[in-house]
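Note on naming: letters A, B, ... go to the chains in the order of the sequence lines (proteins, then strands), and numbering restarts at 1 for each one.
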2 protein chains.
Amino acid sequence: MSQFSEETITLIRQELKKCIPQLSINCVIFRFNGEHLQVPIVQPVQADIWNIPGGYIYQNEGINEAAKRILFEQTEINNLLLSQFGTFGSAQREFSEEIKGYSSLGFPEDIIKHVSQRFVTIGYYSIVGQKQKDLKTGPFFKEVKWVNVNETKSLALDHSHLVSEALLMLRAELQSKPLLASFMPESFTIPELQKLYEAILGRPVDRGNFRQRILKTKILIKVGTATKTGSRPPIVYKLDTKKYLDSLTQDMKLGF
Amino acid sequence: MSQFSEETITLIRQELKKCIPQLSINCVIFRFNGEHLQVPIVQPVQADIWNIPGGYIYQNEGINEAAKRILFEQTEINNLLLSQFGTFGSAQREFSEEIKGYSSLGFPEDIIKHVSQRFVTIGYYSIVGQKQKDLKTGPFFKEVKWVNVNETKSLALDHSHLVSEALLMLRAELQSKPLLASFMPESFTIPELQKLYEAILGRPVDRGNFRQRILKTKILIKVGTATKTGSRPPIVYKLDTKKYLDSLTQDMKLGF
DNA sequence: GCAAAAGTGTTAGTTCTACACCCATGG
DNA sequence: CCATGGGTGTAGAACTAACACTTTTGC
């Protein structure tokens with residue numbers, strides 16, 4: 001009662017052979033939907049579990065390139081900048097429970113054995129803009145979707161731990177880089193931006209002070225004013241891309 | 001004309017088999033000799049090259065434990081705290097030049113092929129006190145020695161790059177933790193400590209301000225006064241271990 | 001005109017920076 | 001008593017945190 005054809009099995013074998021064994025990559029991608037901080041998770045065809053997108057590294061491929069490829073294959077997110085937040089590999093880090101049903105799906109022993117080995121994984125993280133709405137996953141996955149970061153407790157393996165570690169890194173970055181704006185849509189208001197900061201930091205920040213600090217960086221350009229707000233309409237800004245890129249190279253402390 | 005007995009060869013084969021393939025660990029350990037920042041490097045028996053201490057991970061061993069074991073095996077440094085500074089694995093990251101002479105030393109093809117594969121390495125770093133003077137290396141190494149960090153240009157592979165990356169991480173740590181004192185001997189003076197900071201940061205710092213900031217942390221206890229100095233004798237301090245450990249958990253900004 | 005949310009300003013407290021000044025020692 | 005390096009104090013600038021005041025909209 002195999003769900004997978006002989007060709008598929010052969011394809012999987014070939015893929016696995018092209019990769020470095022026992023080493024994987026996982027990508028934690030943050031996005032702010034205006035309300036919550038979210039990450040994409042994927043569901044493999046073989047099991048009813050949810051994972052952070054991740055995969056293996058080809059022999060002829062650098063790890064940074066592998067991270068980009070894997071992310072794109074599984075989510076169609078085409079990302080510019082992925083940074084490492086750590087590498088994880090305790091002795092017991094392996095799929096065991098999660099993988100039980102595989103043989104009933106028609107996977108031969110050798111493949112099951114391969115993927116249930118102990119794995120070390122390299123964690124990458126990044127942030128994407130709000131417009132990144134449509135995720136589309138690749139073969140070998142049933143589904144991909146965004147979930148709020150505080151709803152990632154039940155992911156497989158140590159993946160929820162990966163999310164928290166990535167979030168810590170993101171917070172640390174906020175202190176020295178105005179990464180912020182990469183998250184936001186083309187144009188946005190300062191109160192919107194503030195919500196993003198509060199989502200990442202997990203605490204409220206003072207309105208007046210926030211505004212002053214952001215404007216001091218001079219990376220925002222006024223482009224207009226919002227309408228139909230029910231209260232005073234906020235000023236709409238866009239990013240001064242040039243100044244923004246400059247500000248990324250030199251580190252400033254903007255301690256929030 | 002083999003330099004290595006059949007037993008040694010067998011031993012090596014067994015060791016390699018017990019390890020995760022194509023994945024290694026390197027440890028960059030900093031030490032301040034009162035003048036310069038230094039790191040230990042080792043010379044393998046097989047080749048006239050110098051490496052950052054490094055090795056492979058056993059199948060039944062977590063990566064953090066592996067890092068500690070490898071460091072101890074190759075330098076006899078018994079370290080408490082090793083932190084990751086990054087994982088490196090470009091597609092071309094492999095010994096090729098460096099390994100040419102191996103077959104003439106009696107290594108069989110399979111071993112040469114194994115170690116000249118493309119490797120991904122996890123970088124760990126730490127700092128040790130000045131009293132850590134005696135290094136002793138393990139089997140498979142000719143020698144181990146301390147060298148100044150700015151004399152690591154000619155290490156094998158990308159190891160000099162690993163040193164610079166580790167140093168960047170160390171600098172970043174200085175900003176939020178008073179790591180400093182782990183470096184120093186049992187007792188020391190503030191001007192001595194300042195030299196350490198300047199060595200790590202690579203630039204001079206203001207004397208008066210440095211002193212004030214260090215003392216504000218309250219992690220130093222006065223234990224006496226130096227003698228025979230040719231000028232005003234500095235005050236000698238030791239570390240308040242309890243307060244020091246406390247200060248490591250909470251982050252403070254002491255921005256230098 | 002009132003509530004609501006955005007924009008702006010102010011003030012007190014703290015920290016940073018760059019010094020200046022004094023002090024203890026050996027020669 | 002002087003050169004040297006260590007210890008201490010301080011004024012101005014910069015930054016921080018908290019909060020108050022003003023403005024603009026929809027109802």
Side-chain angles (χ1 to χ4, degrees), chain A residues 34-35 171 174-178 180-181 184-185 187-199 201-238 247 250-256, chain B residues 34-35 171 174-178 180 184-185 187-199 201 203-238 247 250-256:
Chain A
E35 195 69 35
R171 274 187 199 149
L174 263 205
Q175 302 302 328
S176 61
K177 315 268 177 188
L180 44 110
M184 303 301 286
S187 62
F188 53 88
T189 68
I190 290 187
E192 280 167 9
L193 192 55
Q194 185 181 339
K195 277 196 191 139
L196 165 60
Y197 268 79
E198 293 178 332
L201 295 173
R203 59 178 165 80
V205 303
D206 181 89
R207 196 165 48 88
N209 296 335
F210 180 80
R211 150 175 241 85
Q212 284 177 357
R213 275 190 231 171
I214 293 299
L215 289 180
K216 203 180 46 186
T217 65
K218 312 236 183 186
I219 60 170
L220 298 187
I221 305 173
K222 179 176 175 174
V223 294
T225 302
T227 50
K228 301 176 193 165
T229 55
S231 64
R232 175 169 180 175
I235 300 173
V236 179
Y237 296 89
K238 67 167 188 171
S247 75
Q250 59 198 284
D251 50 28
M252 34 174 52
K253 24 182 171 175
L254 28 174
F256 284 97
Chain B
E35 194 70 35
R171 274 186 200 151
L174 263 205
Q175 302 302 328
S176 59
K177 314 269 177 189
L180 44 110
M184 303 300 288
S187 63
F188 53 89
T189 68
I190 290 187
E192 280 165 9
L193 192 56
Q194 186 180 340
K195 277 194 190 142
L196 165 61
Y197 269 80
E198 294 178 330
L201 295 173
R203 60 178 163 79
V205 302
D206 182 89
R207 195 166 47 89
N209 296 335
F210 179 80
R211 147 175 244 85
Q212 283 178 356
R213 276 190 232 169
I214 294 299
L215 290 180
K216 203 180 46 185
T217 66
K218 313 236 183 185
I219 61 170
L220 298 187
I221 304 173
K222 180 175 174 175
V223 293
T225 304
T227 49
K228 301 177 192 165
T229 56
S231 65
R232 175 169 180 175
I235 300 172
V236 179
Y237 295 90
K238 68 167 187 171
S247 75
Q250 60 199 283
D251 51 28
M252 34 173 55
K253 28 182 171 175
L254 27 172
F256 285 96

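Remark: C1' of dG6(D) and CD of Gln212(B) are 14 Å apart, rounded to the nearest angstrom. Separating the CZ atom of Phe188(A) from the P atom of dA6(C) is a distance of 15 Å, rounded to the nearest angstrom. Separating the CG atom of Leu215(A) from the P atom of dC15(D) is a distance of 15 Å, rounded to the nearest angstrom. Note: CZ (Arg232(A)) to P (dG26(D)) measures 13 Å, nearest angstrom. Rounded to an integer number of Å, the gap from Asp206(B) CG to dT10(D) P is 17 Å. Between Asn209(B) atom CG and dG6(D) atom C1' there is a gap of 15 Å when expressed in whole angstrom units. At whole-Å resolution of the value, CZ in Arg213(B) and C1' in dA18(C) are 12 Å apart. If you take CZ of Phe210(A) and C1' of dT16(D), they are 16 Å apart, rounded to a whole angstrom.
When the nucleotides dT25(C), dT8(D), dC16(C) are ranked by their closest atom to the side chain of Arg211(B), dT8(D) comes out on top. When distances are taken from the side chain of Pro233(B) to each of dT4(D), dT25(C), dG7(D), the shortest belongs to dT25(C).
Residue Tyr237(A) holds its OH atom at 12.0 Å from CD1 of Ile219(A), rounded to the nearest 0.5 Å. One finds the NZ atom of Lys195(A) at 11.5 Å from the CG atom of Leu193(A) (value rounded to the nearest 0.5 Å).
Taking each heavy atom of Val236(B) and Thr225(B) in turn, the nearest pair found is CG2-C, 3.9 Å.
Using a 4.0 Å heavy-atom distance criterion, Ile235(B) is classed as a sugar-phosphate-only contact.
If you check distances only, the side chain of Arg207(A) does reach the base of dA6(C) with a donor-acceptor pair under 3.5 Å.
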Full working for side-chain contact (heavy atoms from CB on, under 4.5 Å) between Leu201(B) and Gln175(B): CA-CA 10 Å; Leu201(B) 295 173; Gln175(B) 302 302 328; 4.1 Å; yes
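Residues Tyr237(A) and Gly208(B) both approach DNA chain C. Their nearest nucleotides, taken by heavy-atom distance, put Tyr237(A) toward the 5′ side.
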